[in-house]
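Below is one structure, written out as structure tokens; the observations come after it.
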Amino acid sequence: MGDELQWADVPADRLNIAATLDSGQCFRWICTGDGDWIGVIGDCGVKLRPRVDGFWWQTYPRRDRWDLIQQFFALDVDLERLYGEWRRAEPRTEQSIARNAGMRILRQDADEAFFSFLCASCNTVVKIRRSVQALARMYGEAVAEVDGLVLHAFPTAERIANASEPALRAALWGYRAPVLIDAARDVSERGDGWLDSLRAVPYREAHAELTSIHGIGAKIADCICLFGLWHDEAVPIDTHVRRIAMRLFRPDLAIKSLTPAVYDTLASLFRARFGPYAGWAQQYLFYDSLRHAEDR
DNA sequence: CACGGCCCTTGGG
DNA sequence: CCCAAGGGCCGT
């Protein structure tokens with residue numbers, strides 16, 4: 001075994017590992033009883049052991065891949081600068097910043113974000129986790145074993161396109177199983193690297209491309225844009241963020257249902273208020289309201 | 001353009 | 001037991 005964890009001098013208020021991995025951006029990281037986090041980045045298993053003034057880490061089977069961790073957690077983004085801008089733009093963000101300092105938006109694989117959020121509609125976080133983990137276990141390559149856990153890379157679109165619908169239904173995908181398979185076919189048909197290529201185009205264009213796929217509406221497209229395509233200005237408006245946005249910006253919209261027009265209005269207000277990292281600001285307000293249930 | 005019914009499962013009321 | 005839960009589609 002020879003764990004030989006490496007030390008990273010990144011304090012918890014610059015990277016809050018637990019908040020980041022628990023905030024509903026990703027669904028396959030597991031927290032062990034000891035407080036270690038175990039997951040996969042690309043084709044590497046990863047172990048993280050958070051401490052206050054930094055964290056221990058290692059990658060498997062190839063060791064010492066700090067480059068993977070540095071990119072996955074977007075450690076190049078200066079949080080203090082963002083906090084300053086948000087406080088100035090909207091003082092009511094203060095509490096969500098203070099209570100979740102160090103939370104970050106992940107730079108995830110485009111494929112994993114795409115297919116994970118495809119099953120988020122009318123679902124619970126607990127069940128999304130189980131569905132996505134089952135999908136990876138059934139169709140993803142085993143890449144490493146860490147502390148007795150066999151870790152799998154996320155399956156390719158091609159593998160998912162050829163998956164068995166009954167098997168997926170049984171693995172908690174339910175009525176979403178055929179949607180998943182059809183979407184995987186669409187993605188395969190558009191060619192290798194199509195999803196990744198949406199990182200290089202403007203956010204609006206990437207969003208439009210995604211919503212052209214059956215099963216992907218405005219909200220899920222924004223989740224994929226923010227978490228998988230690294231478009232930091234994407235603001236997914238779910239039921240929680242909707243309440244927050246109405247409270248902050250437009251109480252008059254409270255009576256209206258979330259039509260495409262209302263959706264776009266609220267997301268645009270977020271961007272106008274918080275700027276190019278509006279998606280990050282959204283994550284703080286979202287996670288804070290989820291944990292403290294203050295919006296109800 | 002706005003609304004309502006429908007869809008798999010599950011855990012929490 | 002029943003029903004909402006981090007939506008989207010299709011029909012009116």
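Worth knowing before you read on, the calculation uses all heavy atoms, side chains too, and leaves out hydrogens, waters and symmetry mates.
- For the OP1/OP2 pair of C:dA5 and a distance below 4.0 Å, the side-chain nitrogens and oxygens of A:Arg129 include no atom meeting the criterion.
- Side-chain contact of A:Glu158 with A:Thr156: a donor-acceptor pair under 3.5 Å is absent, judged by distance alone.
- Between A:Asp264 and A:Arg204 there is a salt bridge, since a side-chain N of the basic residue sits under 4.0 Å from a carboxylate O of the acidic one.
- In this structure, A:Arg14 has no salt bridge (charged side-chain N to carboxylate O under 4.0 Å, His left out) partners at least two apart in sequence or on a different chain.
- With sequence neighbours excluded, the residues satisfying salt bridge (charged side-chain N to carboxylate O under 4.0 Å, His left out) with A:Glu94 are A:Arg87.
- Remark: A:Arg169, A:Leu172, A:Gly174, A:Tyr175, A:Arg176 in residues 168-177 of chain A come within less than 4.0 Å of DNA chain B through at least one heavy atom.
- Taking the six-membered ring where the residue is Trp, the centroids of A:Tyr83 and A:Tyr284 are separated by under 6.0 Å.
- Counting only Watson-Crick and G-U wobble pairs whose two distances sit under 3.5 Å, DNA chain C takes part in these stems of three or more pairs: B:2-7 with C:7-12, B:9-13 with C:1-5.
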> Is there a side-chain hydrogen bond (donor to acceptor under 3.5 Å, both in side chains) between A:Gln6 and A:Asp64 once you walk through the steps?
Replying inline: CA-CA 8 Å; A:Gln6 302 278 1; A:Asp64 304 336; 2.9 Å; yes
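- Residue-to-nucleotide proximity on DNA chain B shows that, of A:Val126 and A:Asn123, the 5′-proximal contact is made by A:Asn123.
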Report, one pair per line, the protein and nucleotides 1-6 of chain B atoms (nitrogen or oxygen only) whose separation is under 3.5 Å.
residue, atom, partner, partner atom, Å
B:dC3, OP2, A:Ser257, OG, 2.5

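- Among the protein residues, A:Arg242 comes within range of no part of the nucleic acid, since none of its heavy atoms lies under 4.0 Å from any strand.
- Partners of A:Ile30 according to the side-chain contact (heavy atoms from CB on, under 4.5 Å) rule, which considers only residues two or more places apart in sequence or in another chain, are A:Gln133, A:Leu149.
- The residue A:Gly24 sits close to a base: some heavy atom pair falls under 4.0 Å.
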